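Every number for a ligand or one of its atoms is a count from 1 in the order of the listing. Keep in mind the model is a prediction, meaning the values are calculated, not measured.
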Amino acid sequence: MALKQEDQGYDVHNRMEEVAVLVVKKVVEEDKSACTCPRCQLDMEALVLNVLPPDYVVLENGAPVGKSLITSLDILERELFHHALAGAYRALDIVKSAPRHGDDVEISLRNYTEDMIVPTLQEILKHRKTECTCSECLSRVMMYALNDLKPKYTTTAKGDVYARVDEIDARHLAKVYAALYGAFEHVEKDGCHL
Ligand SMILES: [Zn+2]
Ligand SMILES: [Zn+2]
């Protein structure tokens, strides 16, 4: 479920996505009345992801740089594990009480925060001078900014287009700009790794 956005010049991934998959699987296995359809699974994962602190990493050829993917709940810190599990039980309750399955559209998990960042980043690059816009530097800008903002995961029909800057709520936009400017400073201080 990696966020592959190579056409946008960056490639990042939230390591909490694997955690969400694992905890949702765990609570669904315990509850025989839980729905296992893809829509309900993804709706639950989105709800879990929105209560977890994001942990974005840069991907290089599909593999995370500096950290590994989380493949088991056993390696999570206790606090994070309990937080994720509580989120999954709550998500299960919400989705069971109002399941959205039934329509045939193919859906995918999206972080709306990322959708807001993409056009904002492009807007900033139009007038802000920066040393390097290689895909690695842009990926690191995205990583820092996304880790600094609250995730807003939703399930949407596959192929939905990205938001435009003028469609983004002004309050959100201010935060997105601030996070991106902070991220640029961070990356410029580190310098390009290439
Ligand atoms: Zn379902
Ligand atoms: Zn660079």
Side-chain angles (χ1 to χ4, degrees), residues 1-13 17 20-51 56-67 84-85 87-110 114 117-148 153-158 160 179-194:
M1 211 188 306
L3 295 164
K4 275 270 178 192
Q5 302 293 348
E6 277 152 318
D7 54 328
Q8 305 279 358
Y10 71 92
D11 200 1
V12 292
H13 173 70
E17 288 186 16
V21 171
L22 291 167
V23 280
V24 164
K25 190 165 172 266
K26 185 177 167 70
V27 300
V28 164
E29 276 170 4
E30 283 170 8
D31 185 339
K32 294 281 167 281
S33 66
C35 180
T36 56
C37 81
R39 179 77 198 231
C40 289
Q41 300 294 297
L42 286 178
D43 278 343
M44 283 186 267
E45 286 167 26
L47 289 163
V48 171
L49 283 161
N50 290 339
V51 299
Y56 275 88
V57 287
V58 169
L59 292 183
E60 217 176 81
N61 303 321
V65 176
K67 287 179 174 179
L85 196 61
Y89 282 123
R90 193 177 144 268
L92 180 64
D93 274 349
I94 293 169
V95 168
K96 269 171 88 173
S97 65
R100 302 199 293 168
H101 47 217
D103 45 9
D104 277 338
V105 256
E106 212 186 336
I107 48 144
S108 61
L109 199 58
R110 286 268 288 271
E114 188 180 348
I117 275 191
V118 173
T120 316
L121 177 67
Q122 283 159 355
E123 199 63 31
I124 290 174
L125 285 174
K126 279 185 206 161
H127 47 76
R128 188 187 191 283
K129 278 211 177 77
T130 185
E131 279 160 42
C132 185
T133 55
C134 78
S135 62
E136 198 207 307
C137 285
L138 286 188
S139 297
R140 278 158 58 220
V141 167
M142 289 293 288
M143 172 188 75
Y144 285 125
L146 284 163
N147 284 340
D148 200 25
Y153 277 88
T154 52
T155 51
T156 54
K158 261 186 190 161
D160 273 6
L180 278 169
Y181 272 95
F184 266 113
E185 276 168 28
H186 219 121
V187 170
E188 284 161 2
K189 213 173 72 191
D190 291 350
C192 183
H193 293 185
L194 295 182

Undergrad: Would you say Val57 and Val12 make side-chain contact, with heavy atoms under 4.5 Å?
TA: no

Undergrad: Salt bridge check, Arg39 against Glu106: does any charged N sit closer than 4.0 Å to a carboxylate O?
TA: no

Undergrad: Got a salt bridge between Glu114 and Arg110, using NZ or NE/NH1/NH2 to carboxylate O under 4.0 Å?
TA: no

Undergrad: The Zn ion (ligand 1) as vertex, arms to SG of Cys37 and SG of Cys40: angle to 10°?
TA: 110°

Undergrad: Using the ring pair (Phe, Tyr, Trp, His ring centres under 6.0 Å) criterion, which residues pair with Tyr144? Sequence neighbours excluded.
TA: His186

Undergrad: Step by step, work out the side chain to side chain donor-acceptor pair (under 3.5 Å) result for Thr130 and Glu188.
TA: CA-CA 8 Å; Thr130 185; Glu188 284 161 2; 2.6 Å; yes

Undergrad: What I want to find out is whether Glu136 reaches Arg140 closely enough, with some N-O distance under 4.0 Å, to be called a salt bridge.
TA: yes

Undergrad: Have a look at Leu47 and tell me which of Thr154, Val95, Thr155, Asp93 forms a side chain to side chain contact (heavy atoms under 4.5 Å, CB included) with it.
TA: Val95

Undergrad: Among the protein atoms near the Zn ion (ligand 2), how many are N, O or S and lie under 2.8 Å away?
TA: 4

Undergrad: In His101, which N, O or S atom comes closest to the Zn ion (ligand 1)?
TA: ND1

